[in-house]
Protein chains: 2
Amino acid sequence: MPNSSLRPFVRSLELHDELAMNEREAVENLPIREKSFADGEEIVAEGSRPRESCLVLDGFAARTHLLRSGKQQIAAVHIPGDFVDLHSFLLKVMDHSVMAFGDCKVAFVAHDHLLILTEKYPHLTRLLWLSTTIDAAIQRAWIVSMGRRTAEQHFGHLVCELFMRLKSVDLLKDHSFTFPATQAEVGDILGLSTVHVNRMLQNLRATGFVTWQGNIVTVSDFDGLSEMVDFDPAYLNLFKEPR
Amino acid sequence: MPNSSLRPFVRSLELHDELAMNEREAVENLPIREKSFADGEEIVAEGSRPRESCLVLDGFAARTHLLRSGKQQIAAVHIPGDFVDLHSFLLKVMDHSVMAFGDCKVAFVAHDHLLILTEKYPHLTRLLWLSTTIDAAIQRAWIVSMGRRTAEQHFGHLVCELFMRLKSVDLLKDHSFTFPATQAEVGDILGLSTVHVNRMLQNLRATGFVTWQGNIVTVSDFDGLSEMVDFDPAYLNLFKEPR
DNA sequence: CGGCGCGTTGATTACTGTCAAACGGTGTGG
DNA sequence: CCACACCGTTTGACAGTAATCAACGCGCCG
């Protein structure tokens with residue numbers, strides 16, 4: 001019996017290319033271990049050598065790196081369907097930790113099973129590989145935002161990114177989505193202090209394009225926001241194409 | 001007859017895992033198109049749909065993204081042996097351009113041939129995949145530097161990264177390496193203005209750990225620098241292990 | 001009620017960008 | 001050979017952005 005928990009993941013794969021019947025079955029029959037995590041809980045520890053990779057079934061997860069100074073930087077935010085630390089299958093040692101961003105349910109897949117998949121299904125392997133390269137493209141966009149955009153544009157760009165990604169997996173309610181973060185956590189994403197995040201948000205509210213109040217981000221003018229932050233969704237690869 | 005130009009690339013692959021004889025042959029027999037580029041020349045254009053991917057044979061290359069405002073951000077620096085835009089094999093559309101960083105020689109490999117490789121050699125495919133995930137790990141380290149390190153630490157961390165990477169492919173002369181960039185280009189890497197780069201470098205010279213004069217970076221105290229910038233080479237995955 | 005977490009504000013300091021100018025090396029044309 | 005232009009580096013002055021420190025308000029929950 002196929003594992004219905006993996007539906008959102010299969011759907012995410014199919015966002016980028018058609019899956020053959022046997023490929024879909026191979027994924028759906030993957031043995032998994034499900035687990036729920038509370039807000040802030042560590043899912044995978046930095047420095048560990050996981051024997052399984054995790055994907056998000058429900059809620060959000062983030063990849064975060066802690067510095068000796070005590071400061072923290074979040075390097076990625078993951079939504080349902082994302083194979084968060086698929087790269088640990090190849091990287092072996094975690095260079096960051098994965099934590100629950102709000103309450104979150106994940107599935108763990110043993111690396112042994114991934115290995116078998118890569119031996120038997122070349123096309124499926126390319127799609128898994130693709131998902132890690134899209135992650136990397138998102139990280140490049142973050143680098144651009146951090147280096148060359150204003151704080152307001154940086155946050156706005158992040159909102160556009162999440163808006164499009166959540167839309168692609170039907171997690172948008174009208175023009176808004178839930179974003180279970182504190183202002184301090186947004187600071188860890190943007191590389192800003194909590195105080196400055198607060199002031200930046202007030203500026204952004206003044207533009208009328210976005211508001212973020214109590215876990216709900218509302219985008220009242222997506223085109224206006226896109227324009228303001230120079231957002232181009234092409235890097236998200238939200239189209240089907242033979243790969 | 002195997003293509004000897006690909007030696008540095010094969011060697012880079014072997015940094016992370018043993019290659020089987022037939023895998024090595026498959027790589028060395030890959031048909032390639034070699035081409036040289038002068039400093040600043042565009043190798044692959046943003047927005048294009050390449051039918052081949054390029055790898056660096058000699059010199060440096062950088063991935064760069066241009067904003068509407070005219071500002072520019074460099075998201076990666078590549079050294080000989082790096083498969084710069086391997087991800088375009090799966091991503092299809094370039095979300096950034098690749099340019100020569102100093103004079104640079106590259107080899108182009110047709111996506112068609114990469115496709116065949118992935119169909120026939122699962123283990124080799126994982127190693128190619130690995131190289132893109134290491135790129136992503138480096139990008140995460142950049143995000144951390146941009147968000148949570150001082151300008152001096154950021155540059156110092158970059159120097160440590162390049163030092164280790166160049167060392168792994170024997171491109172270190174004693175404790176120094178050539179770095180064919182202007183201060184303006186370093187600004188585009190770090191996300192700083194040229195003027196501030198200049199001042200940051202003076203501070204750094206004052207520490208005595210690193211100096212950068214006329215294309216040559218000299219690291220006089222790697223341990224001291226590592227300590228100062230909180231550098232941990234683990235993310236570069238410079239060790240052999242079955243993958 | 002009291003403590004706690006989160007958001008908000010004010011005051012001050014530190015960092016970084018911008019504008020403008022000067023300096024030094026290098027290559028070219030007269 | 002010198003004058004000149006060009007490019008990259010360096011410096012100064014000033015403006016804007018962001019961090020830090022400290023405090024306060026507010027809602028939630030024990």
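Below, chains carry the letters A, B, ... as their sequence lines are ordered, and counting in each starts from 1.
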**Q.** Annotated protein contacts, base or backbone, on nucleotides 11-30 of chain D with a non-hydrogen cut-off under 4.0 Å, one of B, S, - each
**A.** BBB----BSBB---------

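The nearest whole Å value for the distance from the CG atom in B:Leu190 to the P atom in C:dT16 is 11 Å. Rounded to an integer number of Å, the gap from B:Leu201 CG to D:dT10 P is 8 Å. If you measure from atom CG of A:Leu204 to atom C1' of C:dT8, you get 17 Å, rounded to the nearest angstrom. Per the geometry, CD belonging to B:Gln183 stands 4 Å off P belonging to D:dT9, to the nearest Å. Taking atom CG of A:Asn215 as the reference point, atom C1' of C:dG7 lies 13 Å away to the nearest angstrom.
Using modelled atom types, one finds a donor on one side chain and an acceptor on the other under 3.5 Å when comparing B:Glu161 with B:Trp142.
Residues forming a ring-ring contact (aromatic ring centres under 6.0 Å, His included) with B:Phe222 (at least two apart in sequence, or on another chain): B:Phe163. Judged as a ring-ring contact (aromatic ring centres under 6.0 Å, His included), and not counting sequence neighbours, B:His65 has no contacts.
Distance check, rounded to the nearest 0.5 Å: CE of A:Met99 to CD of A:Glu41 gives 9.5 Å.
In summary, A:Arg63 and A:Asp135 engage in a salt bridge, as defined by a charged side-chain N under 4.0 Å from a carboxylate O.
The environment of CZ in B:Arg205 is crowded: more than 12 heavy-atom neighbours from other residues, nucleotides or ligands sit within 6.0 Å.
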